[in-house]
Amino acid sequence: MKVLMINVVCGIRSTGRICTDLAIALELQGHEVKIAYGRENVPEQFQKYVVRIGSDLDVKFHGVKARLLDGAGFGSRSATVKFIKWVKEYNPDVIHLHNIHGYYINVEVLFDYLKTCGKRIIWTLHDCWAFTGHTAYCDAANCKRWVKGCHNCPLLKEYPASLVDRSKQNWKKKRDVFSGVSNMTIITPSKWLSTWVKHSFLQEYPIKVINNGIDTSQFYPIESDFRKNNGLEDKIVLLGVATSWNEMKGYSDYLKLVEILGDKYRVVLVGLTEEQIVKLPNNVLGIERTTNAQELAEIYTAADLFLNLSYCENYPTVNIESMACGTPVLTYKTGGSPEIIEKYGGWVVERGNIVAVSEFVSKKDTKTIDFQFVPLENDIHKVIKDYLQQILEETK
């Protein structure tokens, strides 16, 4: 069986790694896989899968349209027409959409093809962008305007940031573009997002919940000299990991937390830019983004507690990766993040309650308190089993 995945990135960040994890597992099952992506670099080991949609210049022009005209998803027309021509030649059996936002593909051209191609279509939603008129993170503002029709977006300055508000028009366009695709199933990694989709204009489609999985052959307890090399041997290490850091990811909350805690604590943030790192206070260790799974596993293992203080989440793989490395998680009550805690243990506090976080942390001096590590059930092997049984076998 030929499977084509479409995602903004490949082999990097959470969605890109989800795609390549699935590709490897599908290939081992005897299927042929290609991953069409739009931007950034692809690690060498995944080059055999990739097909590039457009170019860096296409992404820039699309980004300008999004910024000036609130046109995210409606640029890259020529690049998408060319890509669809390739898709017809490749002739996949299954087309699996992931993130189709990110300034690289035209959703109108794409869905015009999907509505007529007769292929089995799967769409995994990693955020809310598909059913809103602008933002991917409407939960960060507790906004429900998308149920009946977006307008006056409260997150206009957040990704995909725009100088004008066309959320009302965009919501209507997306409703028309994304409706009426025969043989399409929507997958959500969390029950939380599934509930939201059922209240959106995407409710016409079958919706299945398949949790994100990780490769537990890469994420497991790995001892290293990380603490020694960074002067953390006598400190309680609180860890945060993200592909990029901004207010949506709770960046300021981590900095507020270190102001409250004493000197025996250190916050480590992975995924920062050089500019962010030079501005950090002394009790925060900043590390740039890494795609090295072993390096990440070593950092997870070295930490005493993983903190997820994000204001927008679906079913975050960073939580699962930390648990797989033996380090417990405290998370804000955001999106599907608490579902992981319900399944494997850990702690949940109300979003934005830094005082509650600091009070909890001050009582938990080591990772051995109130946490029993159990082998994760939702590793990539279980995910691919669910994926094949619930979705791919329906094409027979």
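Every value quoted in this text rests on a predicted model; they were computed, and no experiment measured them. When reading the values below, keep in mind they use all heavy atoms of this one structure, side chains included, and skip hydrogens, waters and symmetry mates.
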Give a yes or no on whether Glu204 atom CD has more than 12 heavy-atom contacts from other residues, nucleotides or ligands under 6.0 Å away. yes
Short side-chain donor-acceptor distance under 3.5 Å, Gln276 and Tyr251: no
In the single-linkage hydrophobic clustering (I, L, V, M, F, W, Y; side-chain heavy atoms under 4.5 Å), do Ile260 and Ile236 co-cluster? yes
Do Met1 and Leu28 belong together in a cluster built from hydrophobic side chains that touch within less than 4.5 Å? yes
Could you check whether the rings of Trp196 and Trp192 sit parallel, tilted or perpendicular, using 30° and 60° as the cut-offs? tilted
Please check: side-chain N/O of Thr301 versus main-chain N/O of Ala297, any donor-acceptor pairing under 3.5 Å? yes
Among Arg166, Gln169, Lys65, His134, which residue satisfies the side chain to side chain donor-acceptor pair (under 3.5 Å) criterion with Asp70? His134
Is the shortest side-chain N to carboxylate O distance from Asp304 to Arg227 below 4.0 Å? yes
Taking all non-hydrogen atoms of both residues into account, name the closest pair between Asn106 and Ser76 and its distance. CB-O, 3.8 Å
Just wondering, more than 12 heavy atoms not from His151 lying within 6.0 Å of its NE2? yes
Would you say CD of Gln45 has more than 12 non-hydrogen atoms from neighbouring residues, nucleotides or ligands within 6.0 angstrom? yes
Leu309 and side-chain contact (heavy atoms from CB on, under 4.5 Å): which partner among Asp253, Thr334, Leu238, Asn353? Asp253
Between the side chain of Asn7 and the main-chain N/O of Tyr37, is any donor-acceptor distance below 3.5 Å? no
Between Phe46 and Ile35, is there a shared hydrophobic cluster once you connect ILVMFWY residues whose side-chain heavy atoms come closer than 4.5 Å? yes
How many angstroms lie between CD in Glu288 and CD1 in Ile277, if you round to the nearest 0.5 Å? 4.5 Å
Between the main-chain N or O of Leu125 and the side-chain N or O of Asn314, is there a donor-acceptor pair closer than 3.5 Å? yes
Pair Asn292, Thr290: side-chain N/O donor-acceptor within cut-off below 3.5 Å: no
Check step by step if side chain to side chain donor-acceptor pair (under 3.5 Å) holds for Thr132 and Arg145. CA-CA 8 Å; Thr132 74; Arg145 295 171 187 168; over 6 Å; no
Point-to-point distance, once rounded to the nearest 0.5 Å, from CG of Leu285 to NZ of Lys235: 12.5 Å
Aromatic rings Tyr254 and Trp245: how do their planes relate, parallel, tilted or perpendicular, breaks at 30° and 60°? perpendicular
Taking all heavy atoms of Ala79 and all of Gly54, pick out the closest pair and write down the distance. CB-CA, 3.7 Å
Which word best sums up how the rings of Tyr159 and Tyr137 line up, parallel for under 30°, tilted for 30 to 60°, or perpendicular for over 60°? tilted
As a test of understanding, state which of Asn91, Asn183, Asp93 forms a side chain to side chain donor-acceptor pair (under 3.5 Å) with Lys119. Asn91
Please say whether more than 12 non-hydrogen atoms of neighbouring residues, nucleotides or ligands are located less than 6.0 Å from CD in Glu44. no
Can a donor-acceptor pair be found between the side chains of Asp58 and Ser55 at a distance below 3.5 Å? yes
At what distance, to the nearest 0.5 angstrom, does OH of Tyr311 lie from CD of Glu158? 12.5 Å
Taking side chain as C-beta onward, heavy atoms only, is Glu108 less than 4.5 Å from Phe74? yes
Residues, nucleotides or ligands: over 12 heavy atoms within 6.0 Å of Lys168 NZ: no
Just checking Tyr220: does its OH atom have more than 12 heavy atoms from other residues, nucleotides or ligands closer to it than 6.0 angstrom? no
Should the pair Glu321-Arg17 be classified as a salt bridge under the 4.0 Å nitrogen-to-oxygen rule? yes
Sidechain N-carboxylate O distance under 4.0 Å for Lys157, Glu247: no
Look only at the side chain of Lys2 and the backbone of Tyr90, and say whether a donor-acceptor pair between them is shorter than 3.5 Å. yes
Among Phe131, Trp123, Trp171, Tyr205, which residue satisfies the ring pair (Phe, Tyr, Trp, His ring centres under 6.0 Å) criterion with Phe178? Trp123
Hydrogens and angles aside, do Ser244 and Arg289 bring a side-chain donor and acceptor to less than 3.5 Å of each other? no
Would you call the rings of Trp347 and Phe360 parallel, tilted or perpendicular if under 30° counts as parallel and over 60° as perpendicular? tilted
Under 30°, 30 to 60°, or over 60°: which ring-plane class applies to Trp129 and His101, parallel, tilted or perpendicular? tilted
Out of curiosity, does Val177 fall in the hydrophobic cluster containing Leu69 (side-chain heavy atoms, cut-off under 4.5 Å, transitive links)? no
Please give me the minimum heavy-atom distance between Tyr103 and Ala161, naming the atom from each residue. OH-N, 4.3 Å
Quick check: is Trp86 connected to Phe111 through a chain of hydrophobic side chains (ILVMFWY, heavy atoms under 4.5 Å apart)? yes
